[in-house]
Amino acid sequence: MDTNKESHPFRCCFDNNKQPFYSLGMFAYPSGNAHMGHVRVYSIVDAIARYKRLQGYEVLNPVGWDAFGLPAENAAIANKVPPHVWTQRNIERMKTQQFGPMGWSFDWSREINTCAPDYYKWTQWIFLQLMQRKLAYKAKAMVNWCDTCSTVLANEQVVNGICWRCSQPTTKRLMTQWFIRITDYAQRLWDGLQKLPQWNKEAVAVQRNWIGRSQGAHIEFVTTDKQIPISVFTTRPDTLFGTAALVLAPEHPLLQQIVAHTNNSKLQQYVQQANRKSQVQRMASKEKTGVATGVFASQALLDHQVEIWVGDYVVADYGTGAVMCVPAHDTRDHQFAQRYHLPIQPVVAPRPGQTADADDLFTQDGVLINSGDFNGMPSAQARQAVVERLQQLGAGEGTVQFNLRDWSVSRQRYWGCPIPVVLCDSCGCVPVAAANLPVLLPSDVSFDEGRACVNPDSAQLRVDCPRCGAPAKRETDTLDTFMCSAWYAFRFADPHNSQAAFDSNIVNRCMPIDFYVGGLEHAAQHMIYFRFLTKFFHDIGLVDFDEPVRQFFCNGMVRKEGQKMSKSRGNVVVPTQVVESHSADALRLYILSDTPSELDIDWEETALHAKQKFVRRNQTLLHAYLTQHPPKNWSDAPLHEATDKELVRTFYSLMHALQHNLNSNEFHNCVARIYELSSLLLTRVQQENTQPTQSELQQAILARMVRDYLAVCSLFTPFSAEELWHTFYSDAPLATAGWPRFDKKILQQATCRYVVQVNGKKRSLIDLPVDANKHVLQQRAMQDQAVQQALVGKAVKRAIFVPNKLINFVVG
RNA sequence: GCCGGAGUGGUGGAAUUGGUAGACGCGCCGGACUCAAAAUCCGGUGGCCUUAGGGCUGUGUGGGUUCGAGUCCCACCUCCGGCACCA
């Protein structure tokens with residue numbers, strides 16, 4: 001794709017006769033070793049890119065490197081090689097020795113690298129934009145801490161309390177950290193999910209889970225002694241009258257104030273213990289524990305007071321960190337109440353008039369009882385009514401709560417994008433002026449003591465405050481690498497822009513991405529951040545659209561013997577070795593065949609051999625044929641004048657089917673069609689090789705078919721297809737030669753195979769002319785021996801006729 | 001618990017809108033070539049029955065709708081994945 005501004009100053013870019021198409025595989029971490037996962041992602045992307053090019057689209061198919069991150073730093077520590085050297089070396093290796101030989105049709109002129117200053121300058125610029133709009137902020141908060149990686153992690157990077165990188169348990173720590181206020185966008189991120197029909201369904205579900213929208217209410221309680229207000233969040237305001245207690249998370253901000261005068265040592269002990277427990281420990285014990293505070297609270301609608309408890313089953317950073325405990329209608333509250341003998345008062349009955357037993361747990365909707373004015377109301381109606389009443393009383397309001405938390409982005413590591421902020425004793429966090437970007441990584445760093453240490457006295461860290469000019473310090477935390485990868489797709493559209501992160505006109509033309517490929521594991525992290533930043537760009541007027549990806553395709557993993565390939569298991573199949581032993585075409589054909597690309601595949605050597613055999617046979621036979629019969633006048637050869645009409649018809653109906661498979665991303669079915677095409681074509685070609693019989697016209701037709709075959713093969717076996725094309729047809733790339741075209745008329749058949757059924761059971765097949773009428777078919781069917789046999793002694797009640805398909809005799 | 005996906009031969013998996021179940025591969029069996037093997041090529045391959053022609057049966061289980069169900073509806077079972085003391 002040509003997006004060069006200078007060559008098209010007014011329209012900014014693009015061949016106006018062509019539609020742009022942006023295909024993208026998630027960019028790679030430059031570990032130095034390409035693996036089968038890369039082969040799968042980029043082979044899928046490349047098949048589509050080549051398809052779209054043949055169809056006449058102007059295709060943007062770029063590649064780059066997600067180059068910041070821990071492994072480079074760890075390698076620096078282990079090998080005493082600076083991270084940028086290690087990274088650059090890996091990129092060179094992957095590019096030339098590993099990606100290159102695969103023949104993926106990337107536009108290498110757009111290669112980007114997130115650790116290059118001309119890239120991270122703009123990551124910093126974006127951060128400043130967020131900061132300016134108060135969407136990036138520094139705050140003291142409980143964050144996930146990984147000891148092994150000695151850094152903070154985002155919620156998205158902690159799976160069941162375990163660090164996603166090193167698989168060690170994480171703990172919670174109170175730290176001052178940078179956050180991105182992604183929660184401001186929670187509702188829009190939620191709503192946007194409905195507008196993504198071409199996304200992998202599972203990915204949408206993952207996001208829906210992650211954003212986790214709950215409709216409910218805030219309900220205000222107040223302590224009876226000191227009138228301290230306590231707000232709870234609930235999705236079940238209809239159960240308010242069943243409240244037996246208030247339960248606060250041990251970290252609840254008002255807790256110490258509430259219990260200040262009580263001097264409850266048991267309580268203080270409990271709070272300390274809870275804070276010491278790791279997240280894993282706390283989640284592991286499902287037992288509900290807690291301590292009563294001795295302080296009571298009241299609520300405007302309740303005629304009884306409830307005691308305030310502290311329990312670590314209440315999550316501090318969800319909702320308000322406090323819940324109303326309704327034991328009769330919530331599983332957890334029920335367990336808690338049973339343990340501490342709190343009253344269990346049912347307030348929702350399953351059916352009108354039915355009195356619920358005390359102690360029973362009923363969590364579904366029903367009809368209200370024991371709830372004053374609200375008695376008799378169905379739950380759904382009661383939820384509204386209760387909220388309305390609370391609102392009138394100023395004691396609560398309807399609200400929406402999200403699971404999504406703000407994105408913690410600072411990392412206490414060296415090898416990341418520097419946060420462009422100066423820490424000043426009097427001015428606080430002061431953004432670096434945009435004109436002074438990029439803030440370069442400090443070079444005064446040692447990797448000697450098991451971690452990267454920037455010399456704290458380094459002149460590079462001592463700067464003057466941009467606001468007051470007083471001596472100040474640079475922020476040494478770096479940004480989460482997901483920040484770098486949240487906008488790389490935009491940069492690809494305009495990769496060398498030195499004036500801006502990207503030119504809006506160019507990006508508006510190329511994006512949203514038409515076809516994005518990557519693993520499902522990024523559905524919750526990268527894809528949320530990517531969507532968020534797109535909405536932000538939209539809001540500040542940088543782009544016209546607010547969803548970055550039209551079609552999101554999630555590929556499956558490549559396994560071996562049912563297990564993930566990994567060095568520690570010693571079951572890694574190295575792509576470059578397979579290219580050497582079997583060829584890139586065979587590898588690519590193999591990786592795209594036999595199994596739908598969204599499913600996991602298990603590496604199978606025998607199937608790979610078969611693909612190599614196929615490529616070889618194709619090449620040999622076609623080469624021999626084309627040598628004997630150099631293609632002439634093939635481009636407009638009239639297919640309808642073929643003597644072998646059946647060959648042409650079958651061939652192009654397979655082409656038609658293949659295109660259908662391609663449009664649905666069924667690459668394995670495409671390969672099946674290619675096998676069928678080849679079996680047709682090679683049989684014919686072999687005949688010609690041994691005993692040529694064809695007139696020039698017929699040869700031209702066959703040459704046209706061979707060309708069309710090469711065109712579709714070029715998506716799956718580009719090396720051999722391009723080579724034959726180049727040798728016998730044209731010097732121009734096959735990609736520019738056009739997708740096979742043919743008149744649909746040649747697909748029409750003269751005869752049709754009809755199924756004859758008796759009571760829905762197949763009894764015979766009959767060939768008749770297309771569009772034969774029911775009467776003719778019925779007559780012929782009745783003469784059929786097998787049909788007659790099935791009809792013996794039975795009366796035909798009626799016959800169902802489906803044109804060009806079947807006739808079904810219904811007999812009694 | 002909630003959400004998403006899937007159950008079809010020995011195996012990976014096909015089957016536009018309900019209309020010939022098992023496309024295309026892998027494996028296996030048989031044959032050709034060879035002194036032999038490898039490689040290559042040709043043929044066969046769901047199960048059961050049958051001398052043949054052919055018949056019966058068959059898409060996780062049980063019902064249902066329909067002339068006709070792998071496909072639609074209801075109930076259930078199993079597996080995979082995601083989320084989760086989220087109130």
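Rounded to the nearest 0.5 angstrom, A:Thr243 OG1 and A:Phe221 CZ are separated by 4.5 Å.
Base-pair partner of B:G22: not found among the strands shown (Watson-Crick or G-U wobble, both distances under 3.5 Å). Using Watson-Crick or G-U wobble geometry with both donor-acceptor distances under 3.5 Å, B:C2 finds its partner in B:G82. In this structure, B:A15 forms no base pair with any nucleotide, since neither Watson-Crick nor G-U wobble geometry is met with both distances under 3.5 Å. Searching all strands for a Watson-Crick or G-U wobble partner of B:G62 with both distances below 3.5 Å returns B:C74. Summarising the base pairing, B:U51 is matched to no nucleotide, lacking a Watson-Crick or G-U wobble pair whose two defining distances lie under 3.5 Å. In a base pair of the Watson-Crick type (N1 to N3 plus N6-O4 or O6-N4) or a G-U wobble (N1-O2 and O6-N3), with each distance short of 3.5 Å, B:C41 is matched with B:G31.
Residue whose closest nucleotide on RNA chain B sits further toward the 5' end, between A:Val206 and A:His656: A:His656. Residue whose closest nucleotide on RNA chain B sits further toward the 5' end, between A:Val810 and A:Arg616: A:Arg616.
On the C1' atoms, B:G25 is 14 Å away from B:U45, given to the nearest whole Å. For the C1' atoms, the distance linking B:C74 with B:G55 amounts to 35 Å, nearest Å. A gap of 33 Å separates the C1' atoms of B:C80 and B:G68, to the nearest Å. For the C1' atom pair drawn from B:G18 and B:G64, the interatomic distance equals 15 Å after rounding to whole Å. Distance noted for atom C1' between B:U65 and B:C56: 26 Å (whole Å). As rounded to the nearest Å, B:A38 and B:U50 have C1' atoms that lie 40 Å from one another. B:G62 sits 23 Å from B:C67 when the P atoms are compared, rounded to a whole Å. As rounded to the nearest Å, B:U17 and B:U71 have P atoms that lie 14 Å from one another.
Sorted by residue number, the members of residues 317-328 of chain A with any non-hydrogen atom under 4.0 Å from RNA chain B read A:Tyr318, A:Val323. RNA chain B is contacted by A:Gly760, A:Lys761, A:Lys762, A:Arg763, A:Leu765 of residues 759-774 of chain A, taking any non-hydrogen atom closer than 4.0 Å.
Using a 4.0 Å heavy-atom distance criterion, A:Ser214 is classed as a sugar-phosphate-only contact. Using a 4.0 Å heavy-atom distance criterion, A:Gln757 is classed as a base contact. Here A:Ser593 lies out of heavy-atom contact (under 4.0 Å) with every strand. Within the 4.0 angstrom heavy-atom criterion, no nucleotide atom of any strand lies near A:Arg208. Residue contacts shown for A:Tyr675 are limited to sugar-phosphate atoms, with no base heavy atom under 4.0 Å away. Nucleic acid contact class of A:His668 (heavy atoms, under 4.0 Å, all strands): sugar-phosphate only. The residue A:Lys805 sits close to a base: some heavy atom pair falls under 4.0 Å. A:Lys797 comes within 4.0 angstrom of nothing in the nucleic acid, heavy atoms only. At the heavy-atom level, A:Leu599 lies under 4.0 Å from the strands shown only through sugar-phosphate atoms.
Formation of a donor-acceptor pair under 3.5 Å by the A:Ser43 side chain with backbone atoms of A:Arg588 is not found in this model. A donor-acceptor pair is defined here as one N or O able to donate and one able to accept, closer than 3.5 Å; such a pair exists between the side chain of A:Asp406 and the backbone of A:Ile182. Side-chain N or O atoms of A:Arg213 include none that pairs as donor or acceptor with a backbone N or O of A:Trp190 at under 3.5 Å.
Of all nucleotides listed (B:G19, B:A23, B:G4), B:A23 comes nearest to the side chain of A:Asn669.
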Distance-only donor-acceptor hits, side chain of residues 796-804 of chain A, under 3.5 Å, sequence neighbours excluded:
| residue | atom | partner | partner atom | Å |
| --- | --- | --- | --- | --- |
| A:Asn804 | OD1 | A:Tyr754 | OH | 3.0 |
| A:Asn804 | OD1 | A:Asp771 | N | 2.7 |
| A:Asn804 | ND2 | A:Asp771 | OD1 | 2.9 |

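Straight-line distance from the CD atom of A:Glu521 to the C1' atom of B:C80: 16 Å, rounded to whole Å. Spacing between atom CG of A:Asp238 and atom P of B:A87 amounts to 14 Å, rounded to whole angstrom units. Note: CG (A:Leu361) to C1' (B:A87) measures 13 Å, nearest angstrom.
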side-chain contact (heavy atoms from CB on, under 4.5 Å) between A:Leu715 and A:Leu662, worked out
CA-CA 10 Å; A:Leu715 318 196; A:Leu662 216 38; 3.5 Å; yes

Assess whether side-chain contact (heavy atoms from CB on, under 4.5 Å) is satisfied between A:Gln788 and A:Met782, documenting all intermediate values.
CA-CA 6 Å; A:Gln788 283 175 352; A:Met782 289 298 203; 5.7 Å; no

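Taking 3.5 Å as the limit, the base of B:C67 and the side chain of A:Asn808 contain a donor-acceptor pair of atoms between them. No hydrogens or angles were tested; on distance alone, nothing pairs the side chain of A:Glu604 with the base of B:G12 as donor and acceptor under 3.5 Å.
At the phosphate of B:G5, OP1 or OP2 sits under 4.0 Å from a side-chain N or O atom of A:Lys201.
Among all heavy-atom pairs drawn from A:Gly311 and A:Val247, the shortest one is N-CG1, 3.6 Å.
A salt bridge links A:Asp594 with A:Lys611; the closest basic N to acidic carboxylate O contact falls under 4.0 Å. Between A:Arg405 and A:Asp317 there is a salt bridge, since at least one side-chain N of the basic residue sits less than 4.0 Å from a carboxylate O of the acidic one. In summary, A:Arg383 and A:Asp365 engage in a salt bridge, as defined by a charged side-chain N under 4.0 Å from a carboxylate O.
A donor atom on one side chain and an acceptor atom on the other are found under 3.5 Å apart for A:Ser720 and A:Asp585.
Glycosidic conformation, B:G9: syn, with the torsion inside 90° of 0.
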